[in-house]
K.L.:
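Questions regarding the structure given below will be posed in turn.
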Amino acid sequence: MSLHDKNLIFFNKTALAAAMNTKITSKIVDLRYNGDDVDCRLFIRATLGAKPTGEGAAVKTEVMTSANGTNWTKAAEYASSGEKLVAGPLPHGLKRYVRLECTVTTALGEANTVFAEITDAVDSELDQKKVQEWKGIPSGGSVPEGMENLAKTGDTVTAP
């Protein structure tokens, strides 16, 4: 079972228009209470509600961070096509506040929705090597018990 907390949800089936250069900004997640008490790696998972119908449809997702909730800087950027927008670790160096910005870079074909959250579980289709790197497992090492099915050969996501 993975962590799901309404306070860690950026988008909850939020509408995303199909048109190119359409941008939406998520709610702000306050990491104030998460400081040093988190002893496991946390991940961002963002997906579209349905597979895009537009040819070559793509969405750019930026992780933005701020110390005061007003001055935002980019911490990471993901460019993706298909339903999966982001499936990777929280970037290092995040300040107290975090939000996502999704921009349609190639028309989706039709309007869609976005769900995005911070969670302690990774996407089941992440590359095995990346899971090992994120969990601190040496190359060629074994995956801890209970994580055997977390990664299958499939999409490779580049960590920021």
Side-chain angles (χ1 to χ4, degrees), residues 1-35 37-38 40-127 130-131 133-135 150-152 154-160:
M1 183 190 304
S2 61
L3 164 80
H4 294 284
D5 183 331
K6 68 179 182 175
N7 295 317
L8 298 177
I9 294 176
F10 293 106
F11 294 114
N12 191 6
K13 298 180 182 175
T14 305
L16 178 61
M20 227 169 87
N21 298 320
T22 301
K23 179 190 235 177
I24 61 171
T25 301
S26 74
K27 80 168 198 163
I28 297 169
V29 172
D30 185 349
L31 299 177
R32 178 177 66 190
Y33 297 114
N34 296 334
D37 62 348
V38 177
C40 67
R41 188 75 161 121
L42 295 177
F43 299 85
I44 295 177
R45 177 178 26 222
T47 58
L48 292 176
K51 185 175 182 172
T53 57
E55 187 174 330
V59 176
K60 174 178 73 173
T61 305
E62 296 176 310
V63 179
M64 306 296 288
T65 189
S66 170
N68 57 16
T70 55
N71 300 322
W72 296 92
T73 58
K74 182 169 50 172
E77 180 178 313
Y78 302 85
S80 56
S81 58
E83 294 171 77
K84 189 184 316 174
L85 302 180
V86 180
L90 281 177
H92 292 287
L94 292 180
K95 297 177 176 104
R96 178 175 174 175
Y97 301 99
V98 180
R99 73 178 189 200
L100 299 183
E101 292 181 359
C102 291
T103 306
V104 176
T105 56
T106 305
L108 297 177
E110 58 187 46
N112 213 319
T113 60
V114 179
F115 179 81
E117 67 178 336
I118 295 175
T119 184
D120 64 342
V122 296
D123 190 308
S124 63
E125 295 182 82
L126 282 178
D127 182 71
K130 291 296 179 191
V131 172
E133 287 174 11
W134 294 333
K135 293 295 183 179
L150 285 181
K152 300 175 185 170
D155 296 337
T156 300
V157 177
T158 304

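This chain uses plain numbering: 1 for the first residue, then up along the sequence. No experiment lies behind these values; they were computed from the predicted model shown. No hydrogens, no waters, no symmetry mates; every other heavy atom, side chains included, goes into these values.
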K.L.:
Given side chains that start at C-beta, do those of Leu48 and Val114 come closer than 4.5 Å, heavy atoms only?
P.N.:
yes
K.L.:
Using side-chain heavy atoms (C-beta onward) and a distance below 4.5 Å, is Pro91 in contact with Ile44?
P.N.:
yes
K.L.:
Supply the atom-to-atom distance Phe43 CZ to Leu90 CG, rounded to the nearest 0.5 angstrom.
P.N.:
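It comes to 8.5 Å.
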K.L.:
Looking only at atom types and distance, does a side-chain atom of Thr65 sit under 3.5 Å from a main-chain N or O of Leu94, one as donor and one as acceptor?
P.N.:
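Flag not set: sc Thr65 to bb Leu94 has no pair under 3.5 Å.
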K.L.:
Is there a donor-acceptor contact under 3.5 Å from the side chain of Ser66 to the main chain of Asn68?
P.N.:
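Pair found, side chain donor or acceptor close to backbone of Asn68.
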K.L.:
Taking Leu85's backbone N and O only, do any of them form a donor-acceptor pair with Ser80's side chain (distance below 3.5 Å, no angle check)?
P.N.:
yes
K.L.:
Do you know the tightest heavy-atom contact between Thr22 and Ala17?
P.N.:
CG2-CB, 3.6 Å
K.L.:
Out of curiosity, Thr105 OG1 to Lys23 NZ, how far, rounded to the nearest 0.5 Å?
P.N.:
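Separation between the atoms: 12.5 Å.
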K.L.:
So does Arg45 pair up with Glu117, basic N to acidic O under 4.0 Å?
P.N.:
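Salt bridge flag = yes for Glu117 with Arg45.
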K.L.:
Please report the shortest heavy-atom distance between Glu55 and Thr106, naming the atom on each side.
P.N.:
O-CG2, 3.9 Å
K.L.:
Restricting to non-hydrogen atoms, name the atom on Gly69 and the atom on Ile28 that form the minimum distance, rounded to 0.1 Å.
P.N.:
O-CD1, 4.4 Å
K.L.:
Taking everything shown except Lys27 itself, do over 12 heavy atoms lie less than 6.0 Å from its NZ?
P.N.:
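Enclosed: over 12 neighbouring heavy atoms sit under 6.0 Å from NZ of Lys27.
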K.L.:
Asn112 side chain to Ala50 main-chain N or O, any donor-acceptor pair under 3.5 Å?
P.N.:
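Side chain of Asn112 to backbone of Ala50, a donor-acceptor pair under 3.5 Å: yes, one is there.
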K.L.:
Provide the closest heavy-atom pair for Ala107 versus Met20 in the form atom of the first, atom of the second, distance.
P.N.:
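Of all heavy-atom pairs spanning Ala107 and Met20, the closest is N-CG, 3.9 Å.
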K.L.:
Can you check whether Leu100 reaches Tyr78 side chain to side chain, under 4.5 Å on heavy atoms?
P.N.:
no
K.L.:
Which atom names give the shortest non-hydrogen contact between Lys95 and Ala67, and what distance separates them?
P.N.:
CD-N, 3.6 Å
K.L.:
OG1 of Thr61 to NZ of Lys84: how many Å apart, nearest 0.5 Å?
P.N.:
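Separation between the atoms: 13.0 Å.
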K.L.:
Does a side-chain heavy-atom distance below 4.5 Å link Ile9 with Phe115?
P.N.:
yes
K.L.:
I need the Met64 CE to Asn71 CG distance, nearest 0.5 Å.
P.N.:
10.5 Å
K.L.:
So which heavy atom on Pro52 is nearest to which on Glu83, and how close?
P.N.:
CD-N, 4.1 Å
K.L.:
What is the distance from atom CD1 of Ile24 to atom CZ of Phe10, rounded to the nearest 0.5 Å?
P.N.:
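Interatomic distance, Ile24 CD1 to Phe10 CZ, rounded to 0.5 Å: 12.5 Å.
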K.L.:
To the nearest 0.5 angstrom, please state how far the OH atom of Tyr97 sits from the OG1 atom of Thr70.
P.N.:
9.5 Å
